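What follows is a short report on a single structure.
For the numbers below, each heavy atom of this structure counts, side chains included, while hydrogens, waters and symmetry mates do not. Below, chains carry the letters A, B, ... as their sequence lines are ordered, and counting in each starts from 1. Since this is a predicted model, take the numbers as computed values, not measurements.
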Amino acid sequence: MFEKEKNKLEIRIKDYLKKEGINESQLEFRQIPFSGEWGLAIPLFPIAASEARSGKKVIVPQRAQQLAQGIKDDLGELEEFSHIDAVNGYLNLYFSTSKYAQRVVDTVLEEGEHYGKGENLGKRVMVEYSQPNTHKSFHVGHLRNVILGGSVCRLLEFAGYDVIRANYLGDIGLHVVKWMWNYLENHRGEEPGENKTHWMNDIYAEADRLYQDPENEAEVRELYARWNAKEPEVVALWKKTRQWSLEGFEQIYDQLGESFDRIYFESEVEEPGVKLVEEMVKDGLAQDLRPDEPVIINLDDYAGTEDEYRVLVLLRSDGSSLYATKDLPLAIKKFEEYDFDRSIYVIDVRQSLYLKQIFKTLEILGYDWADKLYHLAYELVNLPGNVTMASREGTVVLFDDLMAEATRRAREIVEQKNPEVSETAKNDIAEAVALGALKYTMLSRDNTKIVTFDWDAALDFNGQAAPYIQYAHVRAESILRKAGGRLPGEASFPSELVKAEVDLIELLTRLPQEVLKAAEELRPLGVANLAFDLAKGFNDFYNTCQVLNVEPEVRAYRLRLVAAAQQVIATSLDLLGIKAPSVM
RNA sequence: GCCCCUGUAGCUCAAAUGGACAGAGCACUGGACUUCUAAUCCAACGGUUACAGGUUCGAGUCCUGUCAGGGGCGCCA
């Protein structure tokens with residue numbers, strides 16, 4: 001936002017530095033980190049240090065301060081800045097607040113929901129996320145994946161990428177056959193109820209228990225063989241039941257506000273995968289050790305490394321497929337279909353080595369786009385005591401159970417805070433708050449950090465949490481509503497702003513850079529933090545500055561500031577996939 | 001045995017990618033509703049950034065080692 005000022009300064013400062021005998025210098029612009037202050041900060045340490053390195057006898061901190069002072073004296077008075085300080089080796093330039101405050105607010109209001117948005121980059125990024133297994137549950141561990149993947153997609157889109165959302169469903173394998181066996185055995189003819197995923201999971205969990213019995217296991221194996229042989233009856237059942245799962249997932253994605261452009265199925269890449277592996281064997285790339293051992297590729301041999309890529313098993317000794325068998329053709333298919341500039345796999349950290357192997361294998365196969373594949377790893381959601389969530393162990397918190405409880409609690413609070421709004425509005429608010437809280441918990445910690453799921457923490461709506469941010473948004477909208485819904489078209493800002501105003505305006509300027517950073521690093525955390533800071537800044541402003549009951553000139557500029565804050569809070573929440581309600 | 005991640009306030013987490021006095025929330029203590037929604041705000045309390053070295057003008061951040069926790073490593077997904 002301040003490129004013009006920065007460029008102008010840079011020229012003048014470099015001129016000064018040249019006079020000091022410093023020809024090559026990289027200027028670094030930062031924000032002044034003091035609350036209530038607003039402007040550009042330039043550390044002079046790097047320049048002093050490079051002088052020291054080039055043999056000049058200087059003491060770096062002293063020299064930095066000396067340079068800062070020299071530049072300050074050389075610059076004299078500048079129109080854009082109220083005052084300039086040379087302190088601790090930094091050159092601090094404080095904005096003339098009225099002019100810049102107005103520019104920030106005007107820019108936000110003019111650009112509206114596009115404020116902070118990047119130019120179209122003409123680059124295509126595919127993001128694969130969610131990847132649930134059909135016929136199974138959808139638990140809180142899966143939730144982190146969808147929330148992270150969804151937010152990353154939004155960030156990339158906002159940053160200017162063309163994003164393709166892909167999902168990859170595990171629709172084949174032993175778990176499916178177990179499910180079908182139990183269905184035929186104990187639930188024949190039944191249909192899913194309202195909540196399809198939960199129902200599917202109950203049958204699966206039961207199947208898994210029954211499978212422990214060797215007799216049942218034998219029956220499952222037999223059904224597996226019939227299914228492999230593509231017996232029409234079994235295939236028909238598979239398709240029908242898979243559809244139930246898909247509809248169940250659709251319910252969940254709707255609720256989460258996610259949708260996909262392309263859904264891949266494991267079943268569609270299995271055959272191509274087996275063929276590909278056979279070819280790799282024929283070409284001498286893979287070693288076929290059957291019948292006693294599987295088909296493998298020794299990646300360290302190709303990479304010239306030791307214990308880095310290890311051995312990847314491509315096909316079981318009985319000829320049946322593995323994950324790797326299918327992930328190779330899947331990657332190829334994705335590239336053929338979408339010709340992406342980048343392909344991101346949102347998958348938990350345990351698969352880091354595995355994906356590294358897949359990418360390496362594709363490289364060995366000669367696909368020059370293999371370097372465009374990227375594994376976005378994130379840590380698990382565990383239960384207290386570091387217990388991993390697993391349907392088979394019964395150690396899971398199902399998404400719909402959590403969602404129902406969170407919504408119920410949110411609903412109670414709405415009832416208490418806002419008894420006069422309509423029932424449907426109450427439900428909408430409760431859902432937005434509950435879902436927002438769940439999402440924010442996942443997004444406001446780093447991808448590399450394990451989330452320990454705890455009911456009390458997950459359902460705590462206080463403090464640094466989505467409802468706090470949503471509430472700030474509600475307050476802003478409320479003021480705007482009471483003002484009559486019309487904003488003054490223009491308003492000049494006074495030269496003296498109070499601290500809360502300056503802080504809030506400074507926060508507004510941070511959105512574009514945070515979005516850029518978050519998209520680049522595939523890390524929504526910074527935006528999550530900014531959303532909270534904005535809300536805090538707004539609440540502080542709300543508390544210290546009257547908007548409606550003040551003189552017209554003050555009312556005018558503050559109304560515009562409120563509108564700008566409302567916009568930026570809404571945008572940052574939107575990037576996190578969190579709804580910004582008008583009332584709560 | 002090798003590789004990856006984590007270790008910051010009692011608890012849960014931040015920290016503009018090496019910069020100014022390490023910041024929030026929760027919990028605890030005290031205060032603020034007749035004024036734009038108190039799902040709010042203010043104040044106080046709380047730190048040798050696991051430990052030991054090193055690099056640097058400057059290290060929570062980079063390097064080496066140690067300790068602790070988690071994860072991964074030929075036919076699970």
*asked:* With nearest nucleotide decided by heavy atoms, which residue, A/Phe532 or A/Gln31, maps closer to the 5′ end of RNA chain B?
replied: A/Gln31

*Just by modelled atom types, is the A/Val568 backbone N or O under 3.5 Å from a matching donor or acceptor in the A/Ser572 side chain?*
yes

_B/rA24 pairs with, by Watson-Crick or G-U criteria that keep both distances under 3.5 Å_ = B/rU12

*Within the structure, does a side-chain N or O atom of A/Thr448 lie under 4.0 Å from either OP1 or OP2 of B/rU6?*
yes

*Classify the nucleic acid contact of A/Leu322 as base, sugar-phosphate or nothing, counting any heavy atom under 4.0 Å across all strands shown.*
sugar-phosphate

*asked:* By the 4.0 Å heavy-atom rule, please label A/Val583 as base, sugar-phosphate, or nothing.
replied: base

*Go through the steps for A/Phe359 and A/Tyr345 under the test ring pair (Phe, Tyr, Trp, His ring centres under 6.0 Å), then give the verdict.*
CA-CA 11 Å; A/Phe359 300 165; A/Tyr345 292 72; 5.4 Å; yes

*In Watson-Crick or G-U wobble terms, both distances under 3.5 Å, what is the partner of B/rG30?*
B/rC42

_Minimum-distance nucleotide (side-chain atoms of A/Pro294 versus B/rU40, B/rC75, B/rU35)_ = B/rC75

*Under 3.5 Å, is there a donor-acceptor pair between the side chain of A/Asn418 and the main chain of A/Met584?*
yes

*asked:* By the 4.0 Å heavy-atom rule, please label A/Asn418 as base, sugar-phosphate, or nothing.
replied: base

*Can A/Phe34 be classed as stacking with the base of B/rA20, given a centroid separation cut-off of 5.5 Å and a plane angle cut-off of 30°?*
no

*A/Glu293 near the nucleic acid: base, sugar-phosphate alone, or nothing, with a heavy-atom cut-off under 4.0 Å?*
base

*asked:* Counting only side-chain heavy atoms from C-beta out, which of B/rC36, B/rA24, B/rA77 sits nearest to A/Leu548?
replied: B/rC36

*Are the side chain of A/Tyr302 and the backbone of A/Lys360 linked by a donor-acceptor contact shorter than 3.5 Å?*
no

*Given B/rC75, B/rC36, B/rA77, which nucleotide is nearest the side-chain atoms of A/Ile479?*
B/rC36

*Do any side-chain nitrogens or oxygens of A/Arg475 fall under 4.0 Å of OP1 or OP2 in B/rA38?*
yes

*With a non-hydrogen cut-off below 4.0 angstrom, is A/Asp456 in contact with a base, only sugar-phosphate, or nothing?*
nothing

_At 4.0 Å (heavy atoms only), tell me whether A/Tyr468 reaches a base, stays on the sugar-phosphate, or touches nothing._
sugar-phosphate

_Closest listed nucleotide, where the reference is the side chain of A/Gln546 and the choices are B/rG70, B/rU35, B/rC73_ = B/rU35

*Does B/rA14 have OP1 or OP2 sitting under 4.0 Å from an N or O in the side chain of A/Lys449?*
yes

*Counting just side-chain N and O atoms, does A/Arg350 come under 4.0 Å of either OP1 or OP2 of B/rC76?*
no

_Interatomic distance, A/Ile413 CD1 vs B/rA38 P [rounded to whole Å]_ = 16 Å

*Between B/rC41, B/rC75, B/rA16, which one does the side chain of A/Ser317 approach most closely?*
B/rC75

_What contact category does A/Arg445 fall into here, base, sugar-phosphate, or nothing, at under 4.0 angstrom with non-hydrogen atoms?_
sugar-phosphate

_Pairwise side-chain contact, A/Arg510 with A/Gln31, heavy-atom cut-off 4.5 Å (strictly under)_ = yes

*asked:* I want to check one thing: is the phosphate of B/rG71, taken as OP1 and OP2, less than 4.0 Å away from some side-chain N or O of A/Tyr378?
replied: no

*What is the nucleic acid contact for A/Ser444, judged by heavy atoms within less than 4.0 Å: base, sugar-phosphate only, or nothing?*
sugar-phosphate

_Sugar-phosphate only, base, or nothing, as touched by A/Gln513 at under 4.0 Å among non-hydrogen atoms_ = nothing

*Under 4.0 Å between any heavy atoms, over every strand shown, what does A/Pro33 touch: base, sugar-phosphate, or nothing? Just pick one.*
base

_Side-chain H-bond candidate by donor/acceptor type, A/Glu501 with A/Tyr557, under 3.5 Å_ = yes

*asked:* Starting the side chain at C-beta, find the nucleotide from B/rA24, B/rC36, B/rC2 nearest to A/Tyr542.
replied: B/rC36

*asked:* Which nucleotide wins on minimum distance to the side chain of A/Glu379, given the candidates B/rU35, B/rC5, B/rC41?
replied: B/rC5

*How do A/Ile32 and A/Leu312 order along RNA chain B: which one's closest nucleotide is nearer the 5' end?*
A/Ile32

